Colleague: 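Take a look at the following structure, please.
Source: prediction; values computed, not measured. Hydrogens, waters and symmetry mates play no part in the numbers below; they use all other heavy atoms, side chains included.
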Amino acid sequence: MSAARDNPAANGDVRLTDVMLAMDVVDSLRHEEALVARALNTDERERVLLERVRSAYEAQGIEVSEATLAAGVKALKEREFQYEPPPAGFRTRLFRAWVRRGRIGRGLGVFAAVGALISGGYYGFVELPRQRADVAAVESINAGIASATVDLRTLDQRRVALTERLTDERRQSPPTDVAAAVDSALATAEGRLADAGQVLAEASAVALGDRLRQPGDPRRALVAAALEQRRSLLARAERHLDSAAAMIGTLAPLRQLPATLASLRDDAQAIAIPPAIDTDIDGLYAGGMAALRDADADGAQSVAAELRELRDELQATYEISVVSRPGERSGVIRAPKSNSRADNYYLIVEALDRDGRVQAVAIRSEEDGAVRTVRSWGVRVSASVFNGVRDDKADDGIIQGRVIGEKRRGYLSADYRVPVEGGMIHEW
């Protein structure tokens, strides 16, 4: 036990005081080193350093062995090759930035590229389109100013021309039967022209000023609003002029309408064979003339259209044939709206002229009373007739007796070769 305490290395242990002493020696050597030399690379420097440290400890009454001094020198030498970071400061940060300049430069480059991309994207997708839109808006307003000026002048010239036409129409003396209708049409046209003149004057009073010089022109909003107002007024004036022109355009046919009605009446009666049709024609003609005397030009024109259709129907000739083509019906069964438990039987037919071409025929439906011009329609027949045609088609796909009626010239109705029940439809 005693030997172990006297000899610290006997069992490989080192006393704490020896360790602390060795550490203190190293610190002393480090301090003295600054006074003697920066490096221990010569024997003379090492000897001087050891003597100075030994003298310092002896002056304090501390005994330091040669082994402890040698260990301190060894530790000091080993520390010489260890890296010690420089103290923090501006110069240190500056030197470190210079060393890392490549990486910093790349980072700055990426930052600059991202900034340029964002800036370019904003300019390309926001600023540039806005600038172009502003320029386009200014160009559109300037073009609108020029166009509105031209339109105003053009519409006023049209108003003057229509006024001259109206004056010429007033100089003509219409037949007595249409005098009232002509006067009414003239008054209506004159009113439309007066309305157009007033609206054009309002449009001319809307000040547009000079063309805009640049997108930032402070007059832009005011000019745009004024341009829209003028355009609206010009559109109103154009509608008045269109109405006046249409009314003036009816004057010549209106003066001829009595002769037109008489001609249509005569043509239809020359074709009609049953006397009852002549009576109907006379009734239509009288209604048209009465409408003229009442200044009802539209009513008279409608009568003329009826007489024309009647004449054409009297003149038409065709055969009524059951439709017999692949994919198309030859008949349908319908339940009437008045009795859903009953069945109505219809053969689907078409009108064929002498060359076998399908003709359009005006048909009145018994289901809704509407008259439509169609190329095929349904004729109501009895169940026995319907079943007979169905069986004929089912036999070999061909209907042998397809022609079931004929429309002759001079008659309005067809003569049927099979019993029919009078009703017709044009939808199924």
Colleague: For a 4.5 angstrom cut-off between non-hydrogen side-chain atoms, does P419 reach V385?
Modeller: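 Answer yes - side chains close enough.
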Colleague: Does T154 use its side chain to pair, donor to acceptor, with the backbone of V150 at less than 3.5 Å?
Modeller: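 Yes, the answer is positive, given that a donor and an acceptor are paired below the 3.5 Å cut-off.
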Colleague: Is there a donor-acceptor contact under 3.5 Å from the side chain of T260 to the main chain of Q256?
Modeller: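 A pair under 3.5 Å: yes.
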Colleague: Taking S263 for its side chain and A259 for its backbone only, find out whether a donor-acceptor pair lies under 3.5 Å.
Modeller: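 No, because the side chain of S263 does not come within donor-acceptor range (under 3.5 Å) of the backbone of A259.
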Colleague: Could you tell me whether the side chain of V178 reaches within less than 4.5 Å of the side chain of P258, counting heavy atoms only?
Modeller: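 P258 vs V178: side chains touch.
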Colleague: Does some side-chain heavy atom of Y345 sit less than 4.5 Å from a side-chain heavy atom of S382?
Modeller: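 With C-beta onward as the side chain, the pair stays apart.
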Colleague: Does any part of the side chain of S321, heavy atoms only, come nearer than 4.5 Å to the side chain of I404, both counted from C-beta?
Modeller: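 Heavy-atom side-chain distance check fails, nothing below 4.5 Å.
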Colleague: Just jot down the side chain to side chain donor-acceptor pair (under 3.5 Å) partners of Q172, sequence neighbours excluded, or say none.
Modeller: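 Q172: no side chain to side chain donor-acceptor pair (under 3.5 Å) contacts found.
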Colleague: Is a side-chain N or O of T163 found less than 3.5 angstrom from the main chain of R159, in a donor-acceptor match?
Modeller: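 Side chain of T163 to backbone of R159, a donor-acceptor pair under 3.5 Å: yes, one is there.
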Colleague: Can you confirm whether Y416 sits close enough to V379 that some side-chain heavy atom of one is under 4.5 Å from a side-chain heavy atom of the other?
Modeller: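 Yes, close enough: below the 4.5 Å cut-off.
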Colleague: Take atom CZ in R329; do more than 12 heavy atoms of anything else shown fall under 6.0 Å from it?
Modeller: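 Open: at most 12 neighbouring heavy atoms sit under 6.0 Å from CZ of R329.
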Colleague: For E306 and R311, run salt bridge (Lys or Arg N to Asp or Glu O under 4.0 Å): C-alpha distance rounded to whole Å, both residues' side-chain angles, the deciding distance at 0.1 Å, then the answer.
Modeller: CA-CA 9 Å; E306 288 187 57; R311 180 201 61 188; over 6 Å; no
Colleague: With sequence neighbours excluded, give me every salt bridge (Lys or Arg N to Asp or Glu O under 4.0 Å) pair touching residues 187-202.
Modeller: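 Non-adjacent pairs meeting salt bridge (Lys or Arg N to Asp or Glu O under 4.0 Å): R170-E190.
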Colleague: Of all heavy-atom pairs between I277 and A272, which one has the smallest distance, and what is that distance?
Modeller: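 Reported closest heavy-atom pair: CG2-CB, 3.5 Å.
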Colleague: So which atom in Q301 and which in P253 form the shortest heavy-atom distance, rounded to 0.1 Å?
Modeller: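 Closest approach of Q301 to P253, heavy atoms only: NE2-CB, 4.4 Å.
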Colleague: With distance as the sole test, does S330 use its side chain to make a donor-acceptor pair with the main-chain N or O of V323 at under 3.5 Å?
Modeller: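 Here the side-chain-to-backbone pair exists.
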Colleague: Return the minimal non-hydrogen interatomic distance between L241 and L155, and the atom names on each side.
Modeller: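 The pair with the smallest heavy-atom distance is CD1-O, 3.5 Å.
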Colleague: Quick check on R325: does its CZ atom have over 12 non-hydrogen neighbours (other residues, nucleotides or ligands) under 6.0 Å away?
Modeller: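 For R325, atom CZ is crowded (more than 12 foreign heavy atoms under 6.0 Å).
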Colleague: Donor-acceptor check, side chain of H426 to backbone of A370, threshold 3.5 angstrom: yes or no?
Modeller: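 Here the side-chain-to-backbone pair exists.
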Colleague: Check whether any side-chain heavy atom of L234 lies under 4.5 Å from a side-chain heavy atom of V199, and answer yes or no.
Modeller: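 No, too far: nothing below the 4.5 Å cut-off.
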Colleague: Could you walk me through whether D343 and R334 pass the salt bridge (Lys or Arg N to Asp or Glu O under 4.0 Å) check?
Modeller: CA-CA 6 Å; D343 289 328; R334 308 265 287 191; over 6 Å; no
Colleague: Rounded to the nearest 0.5 Å, how far does CG of D280 lie from CG of L412?
Modeller: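 Between L412 CG and D280 CG, I get 8.0 Å after rounding to 0.5 Å.
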Colleague: Starting at CG of D392, measure out to CZ of R402 and round the result to the nearest 0.5 Å.
Modeller: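 Answer rounded to 0.5 Å: 11.0 Å.
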Colleague: Output yes when a side-chain donor or acceptor of E366 lies under 3.5 Å from a complementary backbone atom of R364, and no otherwise.
Modeller: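 It does not hold such a pair.
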Colleague: Check this for me: does any side-chain nitrogen of one of D168 and R171 sit under 4.0 Å from a carboxylate oxygen of the other?
Modeller: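 Salt bridge between D168 and R171, a charged N being under 4.0 Å from a carboxylate O: yes.
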Colleague: Ignoring hydrogens and geometry, is there a side-chain-to-backbone donor-acceptor pair from T149 to I145 under 3.5 Å?
Modeller: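 Judged by distance alone, yes, a pair lies under 3.5 Å.
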Colleague: Do you know the tightest heavy-atom contact between P274 and G410?
Modeller: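 Closest heavy-atom pair between P274 and G410: CD-O, 3.4 Å.
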Colleague: Main chain of V206, side chain of R230: is a donor-acceptor contact present, judged purely on distance under 3.5 Å?
Modeller: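 Looks like yes, one N/O pair under 3.5 Å.
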Colleague: Give, for atom CG of L162 and atom NE2 of H240, the distance between the pair rounded to the nearest 0.5 Å.
Modeller: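 Spacing of CG (L162) from NE2 (H240) equals 13.5 Å.
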Colleague: Could you go step by step and tell me if D156 and L152 meet the side chain to side chain contact (heavy atoms under 4.5 Å, CB included) rule?
Modeller: CA-CA 6 Å; D156 193 56; L152 177 61; 5.6 Å; no
Colleague: Search all heavy atoms of W377 against all heavy atoms of V374 and return the closest pair with its distance.
Modeller: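 W377 and V374 have their closest heavy atoms at CB-CG2, 4.1 Å.
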Colleague: Does any non-hydrogen side-chain atom of E367 lie less than 4.5 Å from one of M424?
Modeller: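 No - every pair of side-chain heavy atoms lies 4.5 Å or more apart.
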Colleague: Considering only heavy atoms from C-beta outward, does the side chain of F386 approach that of I333 to under 4.5 Å?
Modeller: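 Yes, side chains in contact.
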Colleague: Rounded to the nearest 0.5 Å, how far does CG of L208 lie from CG of L222?
Modeller: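 Reported value, rounded in 0.5 Å steps: 11.5 Å.
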Colleague: Under the side chain to side chain contact (heavy atoms under 4.5 Å, CB included) rule, what do L264 and I281 come out as? Steps first, then yes or no, please.
Modeller: CA-CA 9 Å; L264 290 171; I281 294 172; over 6 Å; no
Colleague: What pairs meet the salt bridge (Lys or Arg N to Asp or Glu O under 4.0 Å) rule with one or both residues in residues 242-263, with sequence neighbours excluded?
Modeller: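 Sorted pair list: R158-D242, E169-R255.
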Colleague: Say you draw a straight line from OH of Y318 to CG of D353; how long is it, rounded to the nearest 0.5 Å?
Modeller: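 The CG atom of D353 is 11.5 Å from OH of Y318, to the nearest 0.5 Å.
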Colleague: Before giving the answer on side chain to side chain contact (heavy atoms under 4.5 Å, CB included), spell out for S365 and D368 the whole-Å C-alpha distance, their side-chain angles and the decisive distance to 0.1 Å.
Modeller: CA-CA 6 Å; S365 173; D368 57 11; 3.3 Å; yes
Colleague: If we ignore angles and hydrogens, is there a donor and acceptor under 3.5 Å between the side chains of R409 and T317?
Modeller: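 Checked: R409/T317 side chains show no N/O donor-acceptor pair below 3.5 Å.
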Colleague: What heavy-atom pair brings I141 and L227 nearest, and what distance separates the two atoms?
Modeller: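 The pair with the smallest heavy-atom distance is O-CD2, 3.8 Å.
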Colleague: Could you walk me through whether L261 and L307 pass side chain to side chain contact (heavy atoms under 4.5 Å, CB included), step by step?
Modeller: CA-CA 8 Å; L261 289 171; L307 283 173; 4.0 Å; yes
Colleague: Taking E313's backbone N and O only, do any of them form a donor-acceptor pair with K407's side chain (distance below 3.5 Å, no angle check)?
Modeller: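 It does hold such a pair.
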Colleague: How far does CD of Q269 sit from CD1 of I271, to the nearest 0.5 angstrom?
Modeller: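 Rounded to the nearest 0.5 Å, the CD-CD1 separation comes out at 11.0 Å.
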Colleague: Could you please spell out the steps behind the salt bridge (Lys or Arg N to Asp or Glu O under 4.0 Å) verdict for R372 and E427?
Modeller: CA-CA 10 Å; R372 297 181 185 175; E427 289 184 350; 2.4 Å; yes
